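This report refers to the structure that appears directly beneath it.
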Amino acid sequence: MRKDAELIQIFGRRGSGKSTLTKGLLKGRPKVVVFDPRAEYVGSGWTVTHSRTELLKAMRRGWSRGFRIAYVPPSGDEIEALHKLTLICWAAQSPYEDGRDTRKLTLVVEEADLSYPSRQLPVHLSGMTRVVNQGRHVGIECIAVSQRPAQISATYRANVATSYLFALAADVDRQEMLRLIGRDYADRLRTLPAHRALVHENGQVRAIEVRQNGQIRPISI
């Protein structure tokens, strides 16, 4: 069994295509939990929950066949809510760690700057950091989504396998990402049209277009 659950980050200004890409990347993943402060994951195929009790019930109901659950946390308490959610996900994945279930769990953190910010968090709220550093051992992979990469925990940004970068509105965010991909992409990172992004993976940069159905098409840089 390969314990190689990955970390992905998706950044871009409002309307750039982040949600379309994220939902496309989720296709075919057996167990998905979305931390959804803006209540964007609704409609067919999604179970929306507003408490950890509801979330646990939904996970149990769908465990054998898989699930797609959106958890809408209490407003203003996102950091603690994400921490507690990671504890649930970690406990749920104990069969993976024991070799009894090979399916990974994908945790999507929308508006990640609210729940896993760049400032130092207290030790008692370290659940997300544990997922970042050790989640691969229990088959938890994570997708962090935000308009503001500079406001996301550096711990997360330092450990990602793949970065999807749409156009960024704030100069401080562009500068932070240019440290990752190189200053040759400064103009592109500012002027990319909607639904086009730069992808940084394995030290290389490529360009993509994200179609309305979430599929990815390679394009010229």
Side-chain angles (χ1 to χ4, degrees), residues 5-93 103-117 127-128 131 135 139-149 151-152 156 162 164 166-167 169 194-197 208-216:
E6 61 184 344
L7 300 180
I8 295 171
Q9 57 188 10
I10 301 175
F11 299 137
R13 64 192 178 202
R14 186 181 301 275
S16 59
K18 299 187 304 298
S19 294
T20 302
L21 172 62
T22 303
K23 291 174 182 178
L25 293 176
L26 294 177
K27 292 178 180 177
R29 301 191 185 220
K31 297 182 290 186
V32 177
V33 175
V34 180
F35 185 82
D36 188 17
R38 305 299 186 210
E40 297 177 317
Y41 287 73
V42 296
S44 177
W46 286 100
T47 301
V48 180
T49 63
H50 293 85
S51 71
R52 293 188 298 278
T53 299
E54 290 179 0
L55 171 71
L56 281 166
K57 288 180 179 179
M59 292 175 75
R60 291 187 183 113
R61 284 196 305 268
W63 189 262
S64 61
R65 66 181 182 275
F67 50 74
R68 296 162 69 84
I69 303 169
Y71 169 56
V72 182
S75 179
D77 195 22
E78 289 85 1
I79 293 174
E80 184 171 359
L82 178 60
H83 163 73
K84 291 180 177 178
L85 175 60
T86 64
L87 301 184
I88 291 173
C89 292
W90 194 282
Q93 283 299 100
R103 297 175 300 166
K104 296 173 186 175
L105 184 151
T106 303
L107 173 62
V108 180
V109 183
E110 286 281 352
E111 309 292 341
D113 53 296
L114 297 177
S115 55
Y116 197 42
M128 186 61 188
V131 166
I140 299 177
E141 52 192 7
C142 189
I143 303 175
V145 186
S146 177
Q147 297 181 46
R148 301 300 314 276
Q151 295 182 2
I152 299 291
Y156 191 94
T162 307
Y164 294 91
F166 294 89
H195 295 276
R196 295 196 174 194
I208 61 168
E209 180 181 52
V210 182
R211 295 174 174 171
Q212 291 297 325
N213 61 3
Q215 291 185 341
I216 294 173

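Computed from a predicted structure; not experimentally measured. Values below: all heavy atoms of this structure, side chains included; hydrogens, waters and symmetry mates excluded.
Contact check for Tyr41 versus Val72: no side-chain heavy atoms found under the 4.5 Å cut-off. Considering only heavy atoms from C-beta on, Leu114 comes within 4.5 Å of Arg38 through its side chain. Leu85 is listed as a side-chain neighbour of Leu55, based on a closest heavy-atom distance under 4.5 Å. In this structure the side chain of Leu21 reaches within 4.5 angstrom of the side chain of Tyr164, judged on heavy atoms. Under the 4.5 Å side-chain criterion, counting only non-hydrogen atoms from C-beta, Gln212 is in contact with His195. Here the side chains of Ser146 and Gln151 are not in contact, with every heavy-atom distance at 4.5 Å or above. The shortest distance between side-chain heavy atoms of Val109 and Ser115 falls below 4.5 Å. Leu82 has its side chain out of reach of Pro73: every pair of non-hydrogen atoms, C-beta onward, lies at least 4.5 Å apart.
The 12-atom threshold is exceeded at CZ of Arg13, counting heavy atoms of other residues, nucleotides or ligands nearer than 6.0 Å.
For the pair Met128 and Cys142, the tightest heavy-atom approach, listed with the atom from each and the gap, is CE-SG, 3.4 Å. Of all non-hydrogen atoms in Ser19 and Glu40, the two that sit nearest each other are OG-OE1, 4.1 Å. Heavy atoms only, all atoms of each residue included: Arg103 and Gly66 are closest at NH1-N, 3.9 Å. The nearest pair of heavy atoms linking Gly17 to Phe166 is O-CZ, 3.6 Å.
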**Message:** Does Arg52 form a salt bridge (Lys or Arg N to Asp or Glu O under 4.0 Å) with Glu80? I'd like the steps, not just the answer.
**Reply:** CA-CA 12 Å; Arg52 293 188 298 278; Glu80 184 171 359; over 6 Å; no

**Prompt:** Please walk me through it: do Val131 and Tyr156 pass side-chain contact (heavy atoms from CB on, under 4.5 Å)?
**Reply:** CA-CA 10 Å; Val131 166; Tyr156 191 94; over 6 Å; no

**Message:** Walk me through whether Leu56 and Thr49 qualify under side-chain contact (heavy atoms from CB on, under 4.5 Å).
**Reply:** CA-CA 9 Å; Leu56 281 166; Thr49 63; over 6 Å; no

**Request:** Begin with the C-alpha distance, continue with both residues' side-chain angles, and end with the deciding distance and a verdict on side-chain contact (heavy atoms from CB on, under 4.5 Å) for Val145 and Phe35.
**Result:** CA-CA 10 Å; Val145 186; Phe35 185 82; over 6 Å; no

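The structure places CD1 of Ile140 at 7.5 Å from OG1 of Thr86, a figure rounded to the nearest 0.5 Å. Ser44 contributes atom OG, which lies 9.5 Å from atom CZ of Arg68 (distance to the nearest 0.5 angstrom). Rounded to the nearest 0.5 angstrom, Glu110 CD and Ile10 CD1 are separated by 8.0 Å. The distance from atom CZ of Arg29 to atom NZ of Lys104, rounded to the nearest 0.5 Å, is 8.5 Å. If you take CD on Glu6 and OG1 on Thr106, they are separated by 8.5 Å, rounding to the nearest 0.5 Å. Rounding to the nearest 0.5 Å places CD1 of Ile143 at 14.0 Å from NZ of Lys18.
At distances below 3.5 Å, at least one donor-acceptor pair connects side-chain atoms of Glu78 with backbone N or O atoms of Gly76. A distance-only check finds no donor-acceptor pair linking the side chain of Asp113 to the backbone of Arg148 [under 3.5 Å]. Of the possible donor and acceptor atoms, none in the side chain of Gln215 sits under 3.5 Å from a partner among the backbone N and O of Glu209. No donor-acceptor pair closer than 3.5 Å links the side chain of Tyr71 to the backbone N or O of Pro37. Side chain of Gln93 to main chain of Cys89: no donor-acceptor pair is present (N/O by atom type, distance under 3.5 Å, no hydrogens or angles).
When each of Met59, Arg61, Lys31 is tested with Ile69 by the rule side chain to side chain contact (heavy atoms under 4.5 Å, CB included), just one qualifies, namely Met59.
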